[in-house]
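All heavy atoms count here, side chains included; hydrogens, waters and symmetry mates do not.
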Amino acid sequence: MISKNRSALRGCYVTFRDNPFRVPAQSALVVEEDGLILMENGRITQCGPYAELAHLLQDDIPVTHYPNCIISAGLIDAHVHYPQLSAIASWGQQLLPWLEEYIFPTEARFADPAVARAAARIFMTELLRNGTTTAAVYCTVHRQSVDAFFEESQRVGTRMIAGKVLMDRNAPANLRDTAAQGYDDSLNLIRRWHGKGRQLYAVTPRFAITSTQEQLEQAGALLDQFPDVFMQTHLSENTDEIAEVARLFPDCTSYLDVYDKAGLVRRRSVFGHGIHLDEEALHRCHAAGSTLAHCPTSNLFLGSGFFPLAATQSPDRPVHVALATDIGAGTTLSMLGTMAEAYKVSLAAGKERLHPAQAFWLATAGAAQALDLEDRIGTIAPGMEADLCVLDPYATPLLAYRTARCDSIEAQLFPLMILGDDRCIRATWVAGHEVHRNHSLPISRDSLDGQ
């Protein structure tokens with residue numbers, strides 16, 4: 001997929017030089033109002049002011065110009081279930097009955113490879129329409145669901161993280177494996193896909209309720225054998241779930257302790273939700289370098305609670321956090337929409353207001369750091385993989401009307417994330433290639449003058 005052809009983008013771009021949770025937003029955010037990004041072999045080779053780099057352009061380098069747009073590093077979704085896309089917006093349940101009524105029947109259909117391939121194609125298209133170029137993805141218990149997803153990612157050229165769900169109890173018979181089968185399937189899939197092109201594998205026990213101690217320990221054994229693979233699971237999402245985990249694992253002191261005893265709490269471990277964690281658990285996540293995936297639309301939809309983002313960023317033990325859509329309990333694949341809900345949750349959970357620079361950090365550079373991929377994705381800089389999304393703050397009449405009253409690029413970010421959705425993604429680039437283009441006619445900024 002990665003071509004040796006060179007290309008370039010011109011326009012305003014934003015990226016990060018530091019963490020806006022630790023330094024003032026204006027110090028963390030880089031804004032290049034008329035920038036040039038040069039790309040070759042799927043990577044960024046140069047970036048900076050157009051006036052300073054224009055002399056590097058040669059006749060064989062096509063330049064795509066995006067006036068009145070904002071170019072960002074590709075967006076990153078840290079926790080999402082591609083098989084659940086067809087179950088999005090299923091009515092009226094909290095977590096555990098929602099799984100039983102809607103999700104398990106949906107995932108059972110992925111025993112059919114054709115179903116998996118079709119779903120993977122639709123899911124990838126939707127990710128790219130929303131400017132998401134990397135995601136940590138749950139497949140189903142079926143090996144073919146993983147193959148279908150990685151085959152589609154390989155075709156497009158995206159950097160993706162994914163894995164086969166492990167479930168050896170408390171699930172329908174047609175969705176259960178065994179500890180041995182789960183280990184063998186995961187081992188074969190790691191060997192087949194991890195590090196192939198841009199694909200990365202995640203050992204994926206669904207959550208403690210659906211895995212025995214033996215299966216969790218087998219998952220830990222895989223991580224010991226392949227220390228550069230990822231681990232993803234769910235943690236402390238719902239109070240009924242927490243109570244059931246305590247019943248199933250009476251010898252463990254907490255939900256996180258269940259995973260810790262199995263060797264699953266480490267760097268590159270991504271725990272979905274983590275809403276109801278005590279101080280001891282947050283300290284442990286900090287010490288291990290583990291990540292919490294903040295899924296605001298999902299948590300609101302299922303009534304699970306408010307993620308305590310400010311508490312996770314305590315200076316004495318900051319925890320890695322990345323934003324996530326968590327489809328299909330989540331209600332949108334748009335990371336802009338996810339940022340908007342994260343802002344509202346920040347107000348509901350406490351007095352700390354999520355700054356727009358912090359929101360974009362959690363979906364780009366901060367997410368890459370949380371996933372231990374900051375040397376490859378998440379920022380616009382020489383040497384980074386050329387995954388980019390082009391944001392249009394004039395994409396809809398209301399957003400354009402609001403944006404016209406902003407006096408800086410920085411000021412445009414907040415209405416963009418509050419009012420924005422997939423219509424605001426003018427284009428998505430993967431490894432230096434345009435893979436999505438919004439063909440809607442943009443609203444002219446000049447037409448808003450005087451309004």
Between the side chains of [X] and [Y], does any donor sit under 3.5 Å from an acceptor?
X	Y	answer
S153	T158	yes
T325	D77	yes
E241	Y255	yes

Trace of the ring-ring contact (aromatic ring centres under 6.0 Å, His included) decision for F414 with Y343: CA-CA 10 Å; F414 187 65; Y343 169 75; 4.9 Å; yes
Worked verdict on E152 versus V156 for side-chain contact (heavy atoms from CB on, under 4.5 Å): CA-CA 6 Å; E152 181 63 15; V156 178; 3.9 Å; yes
Verdict with supporting geometry, Q154 and K196, side-chain contact (heavy atoms from CB on, under 4.5 Å): CA-CA 9 Å; Q154 190 91 317; K196 181 179 180 180; 3.3 Å; yes
Steps toward side-chain contact (heavy atoms from CB on, under 4.5 Å) verdict (F271, T233): CA-CA 5 Å; F271 296 103; T233 190; 3.6 Å; yes
Euclidean distance, H286 NE2 relative to L292 CG, rounded to 0.5 Å: 13.0 Å
State whether the side chain of [X] and the backbone N or O of [Y] hold a donor-acceptor pair below 3.5 Å, judged by distance alone.
X	Y	result
D387	V430	no
T428	L128	yes
R10	L36	no
Y13	G48	yes
Y102	W91	yes

Less than 4.5 Å apart, any side-chain heavy atom of [X] and any of [Y]?
X	Y	value
L388	I380	yes
Y201	F226	no
P318	R22	yes
W361	Q369	yes
W429	M39	yes
S346	Q358	no
S236	H273	no
T379	T364	no

If every non-hydrogen atom of [X] is compared with every non-hydrogen atom of [Y], which pair is closest and at what distance?
X	Y	answer
I37	I71	CD1-CG2, 4.0 Å
P205	S211	CB-OG, 4.0 Å
A78	V270	O-CG1, 3.7 Å
T297	G330	OG1-CA, 3.2 Å
R317	T312	NH1-O, 3.7 Å
A8	L57	CB-CD2, 4.0 Å

Counting only heavy atoms from other residues, nucleotides and ligands, does the tally under 6.0 Å from [atom1] of [X] exceed 12?
X	atom1	result
R267	CZ	yes
D316	CG	yes
R17	CZ	yes
Q225	CD	yes
E126	CD	yes

Residue among L362, L371, L323 satisfying side chain to side chain contact (heavy atoms under 4.5 Å, CB included) with I76: L371
Qualifying residue, where the test is side chain to side chain contact (heavy atoms under 4.5 Å, CB included) with L277 and the options are V319, L235, I242: L235
Whether H234 and F207 hold their rings parallel, tilted or perpendicular, with breakpoints at 30° and 60°: perpendicular
Step-by-step side-chain contact (heavy atoms from CB on, under 4.5 Å) determination, R159 to T133: CA-CA 7 Å; R159 179 169 292 287; T133 54; over 6 Å; no
Among D260, D278, D257, the one residue meeting side chain to side chain donor-acceptor pair (under 3.5 Å) with R284: D260
E385 vs R376, salt bridge (Lys or Arg N to Asp or Glu O under 4.0 Å): CA-CA, chis, key distance, verdict: CA-CA 6 Å; E385 295 172 353; R376 288 178 258 187; 5.1 Å; no
